[in-house]
Amino acid sequence: MDQESGNFQSISECITAISAAKRIVITAHPKPDGDALGSSLALKYALEKVGKQAVATGLEPVPNRYQSFVKSGDIISVDEALAIEADLIIALDAGSIERIPKELSELKGRVKLLNIDHHISNVGFGDINLLDTGSCSTGEIVYQLLMAGGYAIDQDIATLLWIAIVTDTGRFAYSNTTPQAMHTAAELLKYGVNTEDVDRKIYRQLSKAELAIRKIAIQNLEFRHEEKIAFVTLTTADFDAAGCTVSDTEDIIEIPRCVEGVDVAVLFYEDKGNLGRINISMRSNGDCDLAELCASLGGGGHAKAAGCRVKGSMSDAQEIALQAVTARLR
Ligand code: 5GP
Ligand code: MN
């Protein structure tokens, strides 16, 4: 664990806070990915096993690829979560307080907030912060927490933590694939994770709609700055034509990213539920620090994977973001 952060609290402080709590709301960042879903549900299951009331919210819509790993009733609405009158809120994999449901962040000061995360841009917005930028995923931190607290892990919990690690490391390929990530993954396998099933459902199985949006993404691929920047644009019309939603965009960014010679890949997409702003995802193949770049645009993330939202039209957002990338590639 990274002990250097001024906001770092020890695992034992987190365990003390969890032990004292009876009703716990667990939440993560919007448009949840494998780490947000996996770490949240794994923690929920582990806390339920020791008799806590633990609910998960703010995790919808669940992307198609993860649906079979989520049981009915696992994720409830924010209103239902508020109704349990929690004495502890745990925010997972959310780099900033704006990234958790507003109704929950507004409880800060009245309900204890525990912030567990691995994003470099996280300033420690919780009352207690368990931050480790050296962890490949929030799931890895949750594993350490469960081990340190003596919480039991079973096959379902191990599978969810495995999903968190596999997806955030790009199937053990990205530079965050540390010895500790591999060690944690190896420990999880002892609980009987069906790796083949997880891999097939998450990476080798596309609905017709997911295939259609990928086709459109390839057609919409453009380049800038001597082809060092590759970007894809997806409008609400594109989502309608494909018959899918923004939750099915999780690795569309890999399409511009995998082109030879590309340093930075960008995905610009509209969200029907939030018109008037453009969602931006970025991935770096080189040295361009996207956590810093996206933070300068009001977002955040990791050095090699970050995001932000820009108010205005698609062309305005593209102008702003592509200029910011170009300036950093010079
Ligand atoms: P994605 O492109 O998959 O949406 O996000 C890439 C990474 O950056 C993820 O780890 C995500 O949590 C983080 N991220 C995306 N948007 C934001 C944002 O607005 N603020 C912060 N702090 N992190 C973000
Ligand atoms: Mn993560």
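Sequential numbering from 1 along the given sequence is applied to the chain's residues. When a ligand or atom number is given, it counts from 1 through the structure's own listing order.
- Remark: among candidates Lys304, His302, Arg99, the nearest residue to atom 11 (C) of ligand 1 is Arg99, based on non-hydrogen atoms.
- In terms of protein heavy-atom proximity, atom 7 (C) of ligand 1 is closest to Ala305 O, 3.4 Å.
- At least one donor-acceptor pair under 3.5 Å links the side chain of Arg214 to the backbone N or O of Glu210.
- No side-chain donor from either of Glu140 and Gln144 sits under 3.5 Å from a side-chain acceptor of the other.
- Looking at Arg277 and Glu270, no side-chain N of the basic residue comes within less than 4.0 Å of a carboxylate O on the acidic one, giving no salt bridge.
- Looking only at protein heavy atoms, the nearest one to atom 8 (O) of ligand 1 is Ala306 CA, 3.3 Å.
- The angle subtended at the Mn ion (ligand 2) by OD2 of Asp168 and NE2 of His118 is 90°, given to the nearest 10°.
- The existence of a salt bridge linking Lys272 and Asp240 is confirmed by a sub-4.0 Å separation between a basic side-chain nitrogen and an acidic carboxylate oxygen.
- The name of the N, O or S atom in Asp35 nearest to the Mn ion (ligand 2) is OD2.
- Classification of the His29-His119 ring pair by plane angle, with boundaries at 30° and 60°, yields perpendicular.
- The closest heavy-atom contact to atom 16 (N) of ligand 1, among the options His29, Met282, Arg309, comes from Arg309.
- The nearest non-hydrogen atom to atom 3 (O) of ligand 1, considering only Lys31, Glu250, Arg283, comes from Arg283.
- Residue side and main chain included, Asp93 places an N/O/S atom under 2.8 Å of the Mn ion (ligand 2).
- None of the N, O or S atoms belonging to Asp33 lies under 2.8 Å away from the Mn ion (ligand 2).
- Contact annotation for His119 and ligand 1: only side-chain heavy atoms (C-beta onward) come within less than 4.0 Å of the ligand.
- Of the protein's heavy atoms, Ser281 OG, 2.6 Å lies nearest to atom 2 (O) of ligand 1.
- A donor atom on one side chain and an acceptor atom on the other are not found under 3.5 Å apart for Ser137 and Asp168.
- Between Arg65 and the options Asp251, Asp248, Asp199, a salt bridge (charged side-chain N to carboxylate O under 4.0 Å, His left out) holds for only Asp251.
- Judged by distance alone, the side chains of Gln180 and Thr178 never bring a donor and an acceptor atom under 3.5 Å apart.
- When Gly95, Ala28, Gly300 are checked for heavy-atom proximity to atom 23 (N) of ligand 1, Gly300 turns out nearest.
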